[in-house]
Amino acid sequence: MSNLNGWGLTARLITKHFGALGNRVSEAIANFDPETATEADRDRLADNLRSAAQKLAAARAAFNKEADDVVKLRQLIATDEQAAGTLAERLAAGKISESTITLFCDELEGNKARLPQELQEEADAKQYMNELQTIVDALSRQLAEFDAQAKKAMQALASARAQQDLQQLRAERQAQLAGLQGMRGQSSALSALTRRAESIRNDAEGLRIVTDIGQQPLDQAAELEAIRKSVSQPALGNESALARLQRLSGHSSEPLALAKS
């Protein structure tokens, strides 16, 4: 059986053992896709698995009963076959009636005739059990595939959310940088004010230079006047006593010099 198409065999067995419900179940299995299935699909798949598992449990019990019946019947036949020789001796010795022997023989022949039927029932029960086992195994694999795909989907979702958080963080950082760029634009206005102040300082310095140039002749004239005054009015601190007397007396220095001589 394992060499046949697994899902096709499973669908046929489900249809066979579950009747009209099996048609719907087998169709659902044939169209089941773990990658696109929802949680409701998983619940239905789990329900199908539980139903099949319950039938499998009942089938195992039925098979065990059939197998026990075959074992008991074979043991009974073997025991009666062994007893047949002893009964023949007892019948010859007159120790048992022919009617008893007839009843014994009827039962032995009946049991031997029933043995093939019991063997067939055992075989059928075993086949039924094995088919249900195939169904349960297939549903188990399908449920495992669903869970594996669900796990991958959850991992993909977690990764997507992490990427979303990362991109959101990047967007926030970009917004912050844009704000800082705006602040830098505002600082350019401050730079303009600085340049304006520098221009005003330059204008003031130019005016100072022009004023200094215009002031230079005035300063030179004042310096010459000061020189003239210093020459016409010698410093009194260097005047001798004789010169002072001459100056105060109104006499020139020359007559005084002649008189002195």
Side-chain angles (χ1 to χ4, degrees), residues 1-68 70 120-190:
M1 291 183 182
S2 60
N3 295 328
L4 299 177
N5 187 318
W7 291 115
L9 174 61
T10 301
R12 291 195 299 272
L13 294 178
I14 288 177
T15 301
K16 173 182 176 182
H17 296 298
F18 289 80
L21 174 62
N23 290 328
R24 295 193 297 271
V25 173
S26 59
E27 182 179 357
I29 290 177
N31 298 327
F32 184 75
D33 181 8
E35 293 186 358
T36 59
T38 63
E39 188 65 23
D41 294 324
R42 188 198 185 279
D43 292 340
R44 285 192 293 270
L45 183 60
D47 290 339
N48 293 337
L49 176 58
R50 283 190 293 270
S51 177
Q54 291 172 354
K55 287 184 176 293
L56 175 59
R60 285 176 177 174
F63 169 73
N64 291 334
K65 180 180 180 302
E66 294 295 339
D68 289 341
V70 170
Q120 184 62 49
E121 291 177 0
E122 179 189 20
D124 291 344
K126 184 176 182 179
Q127 181 183 3
Y128 179 62
M129 178 185 67
N130 290 339
E131 290 176 354
L132 287 176
Q133 183 66 60
T134 300
I135 294 173
V136 170
D137 292 343
L139 293 176
S140 297
R141 288 194 303 271
Q142 200 169 43
L143 186 60
E145 289 176 7
F146 179 92
D147 290 339
Q149 292 294 336
K151 183 178 180 181
K152 290 181 181 179
M154 292 299 295
Q155 291 174 344
L157 179 60
S159 177
R161 286 176 175 171
Q163 285 295 324
Q164 183 183 36
D165 293 341
L166 175 61
Q167 295 305 322
Q168 184 176 0
L169 178 60
R170 292 182 63 190
E172 292 175 355
R173 289 175 176 173
Q174 289 176 355
Q176 292 175 358
L177 291 176
L180 294 176
Q181 292 290 344
M183 292 179 63
R184 189 173 68 178
Q186 295 173 2
S187 66
S188 63
L190 296 177

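We're numbering straight along the sequence, starting at 1. Since the structure is predicted, the reported quantities are computational estimates derived from the model, not experimental observations.
Legend: residues meeting side chain to side chain donor-acceptor pair (under 3.5 Å) with Q54, ordered by chain and number and at least two apart, are absent. Residues passing the side chain to side chain contact (heavy atoms under 4.5 Å, CB included) test with A61, sequence neighbours excluded: none. For D68, there are no side chain to side chain contact (heavy atoms under 4.5 Å, CB included) partners, not counting sequence neighbours. Partners of N64 under the side chain to side chain donor-acceptor pair (under 3.5 Å) rule, at least two apart in sequence or in another chain, do not exist in this structure. Contacts of E66 classified as side chain to side chain contact (heavy atoms under 4.5 Å, CB included), with partners at least two apart in sequence or in another chain: D69, E118, E121, E122, A125. Applying the ring pair (Phe, Tyr, Trp, His ring centres under 6.0 Å) test to F63 and every residue at least two apart in sequence or in another chain returns nothing. Judged as a side chain to side chain contact (heavy atoms under 4.5 Å, CB included), and not counting sequence neighbours, Q164 has no contacts. Residues forming a salt bridge (Lys or Arg N to Asp or Glu O under 4.0 Å) with R44 (at least two apart in sequence, or on another chain): D41. D137 meets the salt bridge (Lys or Arg N to Asp or Glu O under 4.0 Å) test with no other residue; sequence neighbours excluded.
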side-chain contact (heavy atoms from CB on, under 4.5 Å) between K55 and V136, worked out: CA-CA 10 Å; K55 287 184 176 293; V136 170; over 6 Å; no
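How far CG of L139 is from CZ of F146: 14.0 Å, rounded to the nearest 0.5 Å. Put simply, OG on S140 and CD on Q133 are 8.0 Å apart, with the number rounded to the nearest 0.5 Å. Distance check, rounded to the nearest 0.5 Å: CD of Q155 to NZ of K152 gives 9.0 Å. With rounding to the nearest 0.5 angstrom, the CZ atom of R60 is 9.5 Å from the CG atom of N130. Taking CD of Q174 as the reference point, atom CG of L169 lies at 10.0 Å (rounded to 0.5 Å). Interatomic distance, CE of M129 versus OG1 of T134, reported as 10.5 Å (0.5 Å rounding).
Side-chain contact between L132 and Y128: present, with at least one pair of heavy atoms (C-beta onward) separated by less than 4.5 Å.
Checking Q176 against E172 by side-chain atom types alone, no donor-acceptor pair falls below 3.5 Å.
A52 and I135 get closest at one heavy-atom pair: CB-CG2, 3.9 Å.
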